[in-house]
Amino acid sequence: MKISRLTDRLDRMPMLKILVFFAAGIALAGRHELPLCFLAGAFVVTGALALSLRSSAATAAMLLTAGFAAAQLRVPRPTVPRGVHTVYEITVEGFPADRGRYAVADASVAAWRNPADGRWHASDARIRLYADSLAELHAGERIRCRGAVRPFRGGAESYRRLMARRGYAGTLWITERTLLERLPQQHAGLHRRAVERLSRLPMSAGAAAVVEAMAAGERRGVTPCLRTAYSRSGLSHLLAVSGLHTGIVFVLVNLALWWLPLFRRGHLLKNLLAAAAVWLFVAAAGFPSSAVRAAVMCTVLQAALASASEYAGLNALAAAGFGMLVWNPNWLGDISFQLSFVAVAAILAWGVPLCRRCRTRWKAVNVVVDAYLIGFVATAATAPLVSHTFGVVPLAGLAVIRWPLRWPGSSCSAARCGWRLRSVCSPRCSGSSREPPPKGSARWPG
């Protein structure tokens, strides 16, 4: 590609340039620290220069400073004491996973009592809660217990940094004796009700674990053996709600509402209902980061379909990434965010043009070829990052990924076919993000 054409393409994707400088500022904040007053002054000065002189360099400096300041303001700091034996008021988040002799669940600390003066202090810290088999845990319940929050010790250093970026202060072990009181449960959220409905379906334990993981993002029943099997086959991304699942919902809803444009202003109602259905699915899955990013892209695509305007996939992806980093700059160092973003960007930049070049006259062949090429591009693009972080590259997925996508009745095939909807590519392209395989004794949250 010529440099002039590359410049023209970048001019049509302003959010991509904004994201690059903002992310660079976040990365610099991870290595250096500057006074907030200096950053505020630098942001004001560079912003004034950018507005008055219309300088690209001043705009880049302003975005760099904004990313630096956002990262410093959102540095995760534990709001609970670590290593101090005291009383905690805890809310169990999600569904506890049974590990045989103990259960593990994500939890949030609402308050803790200072053992020196007996006063209670509010907290918003997240912890990994471990309970023995006698102290039964329930999703959404509030408990008052005695114990000590301790830093993460197992796993690699990268795993401990990942948990810190996700806001986890440490781990807390409780037993039947240290469980002091069970408080009234909170109102059941949409994610919890969705998982409870799925659990009532007549399925085996293995099938229920896969269905809950794929449909509601709940991985409580995913055993290490099942996770390893999916990782080795290159299909571990199916066990977590991601852009693939969001794209499937987007395509199916648009296909189900095809008749609405036949009525007066029905196309507006169709676009509103389709966008609402996508976000409803993401809410039922517990708002995972990859699904949120895909939902943003699907919403932008739906707006483009409604207005008959041009849809730029990379620009929408950059807008979604920028919004997520503004909300939580620590996601930049999250390996799941990195893998998903790199995979989707590679598919939009290389996978879609490659599929167009390999188009044939036979639609059935196109479905198989497109599925294989998209999987190949996503795997190849994320292979360096996966290899560096986990020491594993699921090359077996390149050989098997096309077989489950042959059948027209499969959900994956529906998502692949839906890529041709109005000659745009977001739903399918946002679905090739891969969840990293487990390493050693590290336990991924959720």
Side-chain angles (χ1 to χ4, degrees), residues 92-106 128-133 136-140 190-249 252 281 284-286 288 290-291 336 339 371 375 379 386 390 392 394-415 431-446:
V92 179
E93 299 177 351
F95 289 81
D98 187 7
R99 296 292 183 259
R101 293 180 299 177
Y102 65 93
V104 58
D106 294 334
R128 294 302 299 269
L129 182 63
Y130 294 87
D132 63 12
S133 57
E136 186 177 359
L137 297 178
H138 303 281
L190 183 61
H191 171 67
R192 183 173 149 199
R193 291 200 296 267
V195 176
E196 289 176 348
R197 288 183 66 91
L198 290 174
S199 64
R200 292 196 293 265
L201 297 177
M203 295 181 293
S204 62
V210 175
V211 170
E212 290 179 359
M214 294 181 63
E218 180 57 51
R219 290 180 285 178
R220 57 175 177 172
V222 178
T223 62
C225 294
L226 183 62
R227 185 183 290 116
T228 302
Y230 272 79
S231 299
R232 289 176 177 174
S233 64
L235 299 174
S236 59
H237 59 286
L238 297 178
L239 294 179
V241 172
S242 62
L244 171 64
H245 308 76
T246 310
I248 292 173
V249 173
L252 293 180
F281 168 73
S290 56
S336 62
L339 287 172
T379 303
V386 172
F390 304 103
V392 175
L395 296 178
L398 298 178
V400 302
I401 192 171
R402 62 183 182 272
W403 297 110
L405 303 177
R406 280 182 179 270
W407 305 102
S410 67
S411 59
C412 297
S413 178
S432 294
S433 58
R434 303 189 184 279
E435 287 293 322
K439 178 181 180 182
S441 60
R443 301 181 179 89
W444 297 91

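Here, residue 1 is the first one in the sequence, and each next residue gets the next number.
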(Q) How close do Pro96 and Ala105 get, counting heavy atoms only, and between which atoms? (A) CA-CB, 3.7 Å
Q | Partner residues of Ser133 under the side chain to side chain contact (heavy atoms under 4.5 Å, CB included) criterion, sequence neighbours left out | A | none
Q. Quick one: are Arg99 and Tyr130 in side-chain contact, heavy atoms under 4.5 Å?
A. no
(Q) Taking the side chain as everything from C-beta on, heavy atoms only, tell me whether Val92 gets closer than 4.5 Å to His138. (A) no
**Q.** Sequence-distant partners of Asp98, side chain to side chain contact (heavy atoms under 4.5 Å, CB included), two or more places apart
**A.** none
Which donor-acceptor pairs under 3.5 Å do side chains of residues 197-217 form with protein atoms, sequence neighbours excluded?
{"residue": "Ser199", "atom": "OG", "partner": "Val195", "partner atom": "O", "Å": "3.4"}
{"residue": "Ser199", "atom": "OG", "partner": "Glu196", "partner atom": "O", "Å": "2.6"}
{"residue": "Ser204", "atom": "OG", "partner": "Ala207", "partner atom": "N", "Å": "3.4"}
{"residue": "Glu212", "atom": "OE1", "partner": "Arg220", "partner atom": "NE", "Å": "3.2"}
{"residue": "Glu212", "atom": "OE2", "partner": "Arg220", "partner atom": "NH2", "Å": "3.1"}

